[in-house]
Structures are given as C-alpha cells and as structure tokens.
Amino acid sequence: MLPDQPTLRPPVTDLRSDTVTKPTRAMREAMAQAEVGDDVYGEDPTVNALEAKVAAMFGKEAGLFVPSGSMGNQTAIQTLVPPAHELLCDADAHVVTYEIGAAAAIGGVSSRTWPAVGGGIDPGQVAAMVRQDGYHAVPTRAIAVEQTHNRAGGAVIPLSTLQALRAVADENGLGLHCDGARIWHAHVATGVPLRTYGELFDTMSVCLSKGLGAPVGSVLVSTAARVAQGRVIRKRLGGGMRQAGILAAAGSYALDQHIDRLADDHARARRLAEALAPFGVVDAAAVQTNIVLLDLTKSTVDGATLAGKARERGVLVSVLGPRLGRLITHLDVDDAGIDQAIDVLTAILRG
Ligand SMILES: Cc1ncc(COP(=O)(O)O)c(C=O)c1O
C-alpha cells in the first residue's frame with residue numbers, strides 16, 4: 001500500500017514523470033468522435049489507422065497497438081528471443097529494471113546486461129558478450145537499447161553507436177530492439193528522422209502516453225510477419241482490447257499535435273538544470289531532452305528529504321535512489337511551473 005500523503009493544494013507542479021499528463025480538451029474531443037469496432041476482430045478503424053500511421057512514420061510494414069510500453073517491449077522481445085535464449089541490454093534498461101522480471105517470467109528469456117554508464121554503449125563490449133549456439137551456454141538472440149535512456153537522464157544514444165550495434169547484430173544473426181518510449185524526444189533533439197531510426201531496428205516499441213500526452217498506449221512496429229506474431233502474443237498477455245479506437249484516437253491526435261512541442265519541454269528541462277547546477281547536483285550540459293537527474297551525493301539533502309520538502313510546497317519530484325532524484329518536464333508543466341520548481345528546489349538545496 002502507498003503511504004498516506006497529505007492532500008496537495010494547487011498550484012502543483014508534477015515533475016515525477018511525463019506519464020502524469022492528462023488528456024487535453026481537444027484530445028478528449030478527438031476521442032469522443034472516434035469510430036470504433038472490435039479490435040480483437042481487427043475491426044476498429046481508428047486502431048487500424050493508428051497502427052498504419054505509426055508504422056509509416058518509422059518506415060515499417062506494420063504496427064500493433066498495445067496498452068503499455070512494457071507490453072510493447074515484452075511482446076517484441078518474445079518475437080525476437082525464444083525461451084531459454086538470451087537478451088543483452090544495459091543494466092539500467094527499463095526492460096530489466098521496471099518490467100517486473102517479465103522477460104524471464106513470461107517469455108522464459110534470460111537477460112544479461114552490460115554496465116550502465118550514463119546510457120553510453122561500447123559496441124565492441126556488446127559484441128564480446130554474444131554467446132553462440134551450442135548445448136553448453138545460453139545462446140544470445142537479441143540486443144535491446146533504450147532511446148532516449150530514462151535512467152541515464154534522457155540521454156540520446158548517438159546514431160553512430162546504433163549503427164555499430166546494428167552491425168554487431170547482423171554479424172551475429174541477432175535481433176535489435178528499441179525501447180522507444182521517448183524516441184520522439186531523440187528525434188526532436190537531434191533532427192534524426194524517425195525513419196532513420198526505423199531502418200536500424202527489427203522491432204520498436206514507441207509510447208504515446210509519455211511525452212506525447214495520450215492517456216494510454218504504445219505501438220510496436222516491425223515487419224508484417226513479426227507484427228502478426230506479436231498480435232498472438234498480445235492476446236496471450238491479455239492485451240487484446242475491444243473498442244480501443246477511443247484510445248487510439250488520443251494517440252493519433254498526440255502524434256499530430258504534440259511532437260514538435262517537445263522542444264519546449266527540452267528547453268524547460270535545460271532551464272531547470274541551469275538553475276540547479278550552482279548547487280552541484282546537476283550537470284546542465286548533460287541534459288539533452290526532458291529529463292534532469294539530481295545527483296545528491298555531495299548535497300546535504302538526500303532524495304527523500306528533497307522530495308518530501310518539495311511536496312509540501314507543491315512540487316513533486318521522483319526519488320530513484322537514496323541520493324538520486326529525477327525531474328521530468330512534460331505537456332502539463334508550463335513556464336510558471338518551472339519558475340515554481342526553481343524557487344522551491346533552490347530554497348531546499350540552499351538549506
Ligand atoms: C524507457 C521506458 N520504457 C518503457 C516504459 C514502460 O511504459 P509503460 O509504463 O506504459 O508500461 C517506460 C515507462 O515510463 C519507460 O520510461
């Protein structure tokens with residue numbers, strides 16, 4: 001059970017995550033007007049249109065609407081890695097940190113990690129980890145990366161690194177998966193086209209309910225054959241939804257209206273980081289997208305104290321570790337919210 005929290009009085013600036021956004025009035029309007037059908041029968045026109053739209057954005061053959069990013073990742077992993085085979089990823093990757101052991105528990109997939117160093121990847125190190133087929137060891141079948149990298153503070157993995165990983169995957173007959181919960185942010189921050197990312201990966205799970213502001217949903221994109229396989233896996237996971245067009249309409253609206261504005265979230269994250277940098281808790285130059293990590297190892301204030309005191313003054317902060325905090329900017333935080341957060345957090349850090 002969650003601990004009791006005092007009721008907050010507005011204004012509240014919620015920087016815990018970009019998943020906390022509420023659908024805008026215009027998005028709700030689009031949801032209300034959505035044509036719907038039974039998507040398990042493949043008859044929901046709005047879902048079908050969303051799947052085709054996202055697939056086209058990444059230059060992929062097909063898409064599959066799933067309720068969550070976790071289901072998108074796990075469905076993709078199951079299409080790439082058979083039971084008793086192995087997935088390689090970063091030790092801080094969402095798939096091994098926050099998906100409750102799903103790859104092993106549901107897919108029978110063994111995961112092995114390379115050390116997390118701020119989202120940095122050494123393709124040579126990954127290549128050296130690959131285990132070939134044989135009766136003695138667990139054979140590697142796929143590599144997963146996260147773009148942008150959540151626990152690495154929204155870091156963008158450079159295109160050249162992804163290309164080198166693609167080469168490692170090709171040389172070893174492996175699949176390459178992208179947890180693209182925030183691929184939109186990487187695209188906006190770097191200008192790399194979504195299709196360029198699409199060309200590199202066998203499977204991608206992209207989220208509509210993070211920075212884009214939809215209430216629910218992610219889309220898995222891949223080849224038509226793999227998506228057909230994914231459709232069966234989604235059903236097995238209980239992710240076959242019925243009149244899901246109401247949700248797909250929100251996602252489609254978000255894709256049309258909320259990608260370009262991510263630049264505002266990035267600018268606000270930078271402004272926050274620059275204001276907090278003098279306290280030695282943020283490397284402002286490292287902030288590339290909408291996530292600001294607070295390294296409190298040298299501060300007199302620990303994560304729980306910071307979050308508790310900030311909450312009393314209407315600013316919500318995530319605590320990722322005893323001395324690690326996280327702030328995420330999003331659609332529901334405007335310039336006034338950033339001003340409020342800067343006032344409150346600087347006052348606490350000043351002591
Ligand atoms: C990088 C990353 N991948 C996947 C997910 C999972 O998304 P969901 O919460 O929709 O399962 C998240 C959630 O915040 C995330 O940050």
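FYI, the numbering just counts along the sequence from 1. Counting starts at 1 for both ligands and their atoms, following the listed order. Reckoned from all heavy atoms, side chains included, excluding hydrogens, waters and symmetry mates.
The existence of a salt bridge linking R182 and D18 is confirmed by a sub-4.0 Å separation between a basic side-chain nitrogen and an acidic carboxylate oxygen.
Applying the side chain to side chain donor-acceptor pair (under 3.5 Å) definition to pairs two or more places apart or across chains, those involving residues 44-61 are E51-R231, K53-S252, K53-D256. Applying the salt bridge (Lys or Arg N to Asp or Glu O under 4.0 Å) test to residues at least two apart or on different chains, the pairs with a partner in residues 124-139 are E86-R131, D133-R141.
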Quick one: table the atom pairs, ligand 1 N or O against protein N or O, below 3.5 Å, distance rounded to 0.1 Å.
| unit_1 | atom_1 | unit_2 | atom_2 | d |
| --- | --- | --- | --- | --- |
| ligand 1 | 3 (N) | D179 | OD1 | 3.0 |
| ligand 1 | 3 (N) | D179 | OD2 | 2.6 |
| ligand 1 | 7 (O) | K210 | NZ | 3.0 |
| ligand 1 | 10 (O) | G69 | N | 2.8 |
| ligand 1 | 10 (O) | K210 | NZ | 3.1 |
| ligand 1 | 11 (O) | G69 | N | 3.4 |
| ligand 1 | 11 (O) | S70 | N | 2.8 |
| ligand 1 | 11 (O) | S70 | OG | 2.6 |
| ligand 1 | 16 (O) | N150 | ND2 | 3.0 |
| ligand 1 | 16 (O) | R182 | NH1 | 2.9 |

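Closest approach of I121 and P123 over heavy atoms only: O-CD, 3.3 Å. Considering all non-hydrogen atoms of both residues, L220 and V227 come closest at O-CG2, 4.3 Å.
Partners of A304 by side chain to side chain contact (heavy atoms under 4.5 Å, CB included), not counting sequence neighbours, listed by chain and number: D302.
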